[in-house]
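The structure under discussion appears below in the form of structure tokens.
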There are 2 protein chains.
Amino acid sequence: MTETIVTNKDIYQELKRRVLKGKYNIKMRLPTEEELIDEFNASRYSIRKAIKQLSDEGLVYSVKGKGVVVLEQTPQTNELNLSLDQVDSLQVLNSTHDFDRITLIAGFQQIIVDEALSHKTSFAVGIPVYAIKRVRRINNKNAVLDINYFNAQLVPDITPEIAKGSIYSYIKKTLGMKIAILKRQLRFERAGQIDYEHLNLGIDNCVGNMVSFAFNDDGRQFEYTESHFIPDNFIFNQILKF
Amino acid sequence: MTETIVTNKDIYQELKRRVLKGKYNIKMRLPTEEELIDEFNASRYSIRKAIKQLSDEGLVYSVKGKGVVVLEQTPQTNELNLSLDQVDSLQVLNSTHDFDRITLIAGFQQIIVDEALSHKTSFAVGIPVYAIKRVRRINNKNAVLDINYFNAQLVPDITPEIAKGSIYSYIKKTLGMKIAILKRQLRFERAGQIDYEHLNLGIDNCVGNMVSFAFNDDGRQFEYTESHFIPDNFIFNQILKF
DNA sequence: GAGTGGTCTAGACCACGGT
DNA sequence: CCGTGGTCTAGACCACTCC
């Protein structure tokens, strides 16, 4: 067989290409696992893994006894809005999108966690944390207010200079810490004093609030962050399978 | 061995119980896959599947070469807020939570998709859809405004009576249609005329907007829905793994 | 180097869909 | 009934962590 060399990693990419180009289009199904095993000369495990990736992205859906159906396409909604999807935290987003943006330090101090802060952040009472406020100025608007708390024992020696850049880059590259998991809550709330101070809310009186708890690969929570953002600029995507 | 009978399904449940009860606590790791294979008398596949479930819930995190670490617990935030997580659509939520709630029909008609509606809903121009507006009154407040569009070819014969109850129940039980996947966008926006008309916004001038595209197991989009909700009452949870 | 989870293969049986 | 994807087993090798 004059088969092009296909690593197992590429199976997913090739299948995705075919779906997007309409080679497998709506009302059709993907070839059966059996057929794909033959075509790519791979094991069932590898084929199923590739299909699962497509499924996680919402491109296809597997039905037992039936096959893998291609879903109708929904329009990409990346128009002029920022899109925060799966892998992006706000810090990552800053480096991957080429928006005109500036980070302003609005507060920087080291404090000890008291009862109230512990309840909010779920850090233990008494530990030292860096409390940092930063304003993200995007396209000439103060669009996001980040309020970070970093466990100073796990993330030591943060400086305003580091905060002005990427703290995550500092954590990963300089400290060599591995970020494992991020638990997020998305709410939206009445704007508070601090929001009116730092954000260009205009007549709006509510903010989005993305609360993040970040854990390293030892299972320790090293960060609590609230990101307050102004209306009409952000979209969060999610895919639910049944 | 006087081993209690453990089906493969229960491995996950048992491991979860141990993590939550602190039998495997922070700073410890889970037993190795090898050990769990022996204990549960199951294959590696089954053990790994169970651990993956725990990992997807944010309870543990697997590190290559190291083991499976237990994550510090974060507080449950189900206080007085509704929590819309993975499996819940608004309709499901209504039946699973015992809030004092009423559904009011604010609009019900069958229309033909025009250019503008097509752009918004991604339904094809010219097809008939049911356009339904419903107000969810929760704890004596008009908290959610649902604006549904159902493809009338795929979801025929909806009546106001059905809309007053659960359309999803009608789709699943009466029509026998399988709901496959739901793509969601979460935004928050300046409140519009329609929101002031139907929601108890008070002085708030913004709404959360959860946009949903639902697909059946033939890959066809049968629904487009916008759920507008008032501030300070809803939380969305998400877990991101790196 | 020893031990861990990540990837991959080969093969079996089950559960569901459609004919 | 046949064909499909879902689950499960057994075994191999690789990549990473840590001593």
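Every value quoted in this text rests on a predicted model; they were computed, and no experiment measured them. Naming: A, B, ... by sequence-line order, numbering from 1 per chain.
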Whichever of B/S43 and A/S62 has its nearest DNA chain D nucleotide further upstream toward 5':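 This one resolves to A/S62.
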For A/E33 and for A/K178, locate the closest nucleotide of DNA chain D by heavy-atom distance; then report the residue assigned to the nucleotide nearer the 5' terminus.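 It is A/E33 whose nearest nucleotide is closer to the 5' end.
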For atom [atom1] of [X] and atom [atom2] of [N], their distance in whole Å:
X      : N      : atom1 : atom2 : answer
B/I37  : C/dG6  : CD1   : P     : 13 Å
B/M177 : C/dG17 : CE    : P     : 15 Å
A/D217 : C/dG6  : CG    : P     : 12 Å
B/K52  : C/dT7  : NZ    : C1'   : 15 Å
A/E34  : D/dG6  : CD    : C1'   : 15 Å
B/I51  : C/dT7  : CD1   : P     : 14 Å
B/D38  : C/dT4  : CG    : P     : 12 Å
A/L36  : C/dT9  : CG    : P     : 13 Å

Checking contacts here: which listed nucleotide ([options]) is nearest the side-chain heavy atoms of [X]?
X     : options              : answer
A/Y45 : C/dT4, C/dA15, C/dT9 : C/dT9
B/K66 : C/dG6, D/dG5, D/dC18 : D/dC18
B/A42 : D/dT4, D/dC16, D/dT9 : D/dT9

Is the cationic atom of B/K183 (NZ for Lys, CZ for Arg) positioned less than 6.0 Å from the six-membered ring centroid of B/F215 and within 45 degrees of its normal?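 Yes, B/K183 sits over the ring of B/F215.
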Taking only Lys NZ, Arg NE, NH1 and NH2, and the carboxylate oxygens of Asp or Glu, determine whether A/E14 and A/R17 approach each other closer than 4.0 Å.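 Yes, charged N to carboxylate O under 4.0 Å.
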Would you mind checking if B/D218 and B/K178 are paired as a salt bridge, meaning a charged N to carboxylate O distance below 4.0 Å?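 No, no charged N to carboxylate O under 4.0 Å.
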Between D/dC8 and B/K49, is there an OP1 or OP2 to side-chain N/O distance shorter than 4.0 Å?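 Yes.
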OP1, OP2 of D/dT9 versus side-chain N and O of B/S46: anything below 4.0 Å?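 Indeed, a polar side-chain atom of B/S46 lies that close.
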Suppose we call a contact any N or O donor and acceptor under 3.5 Å apart; does that hold for the side chain of A/R29 and the base of D/dG5?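 By the distance-only test, no, there is no pair.
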Does the D/dT7 base have a donor-acceptor partner in the side chain of A/R48 within less than 3.5 Å?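 Not at all, since no donor on one side and acceptor on the other fall under 3.5 Å apart.
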Where each residue is assigned the nucleotide of DNA chain C containing its nearest heavy atom, which of B/V68 and A/V63 is assigned the position nearer the 5′ end?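 Its nearest nucleotide lies further toward 5', so the answer is B/V68.
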Is a donor on one side and an acceptor on the other found under 3.5 Å between the side chain of B/R134 and the backbone of B/A163?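 Yes; at least one donor-acceptor contact below 3.5 Å.
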Roughly how far, to the nearest 0.5 Å, is CD1 of B/I181 from CD1 of A/I239?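 Result: 5.5 Å between the selected atoms.
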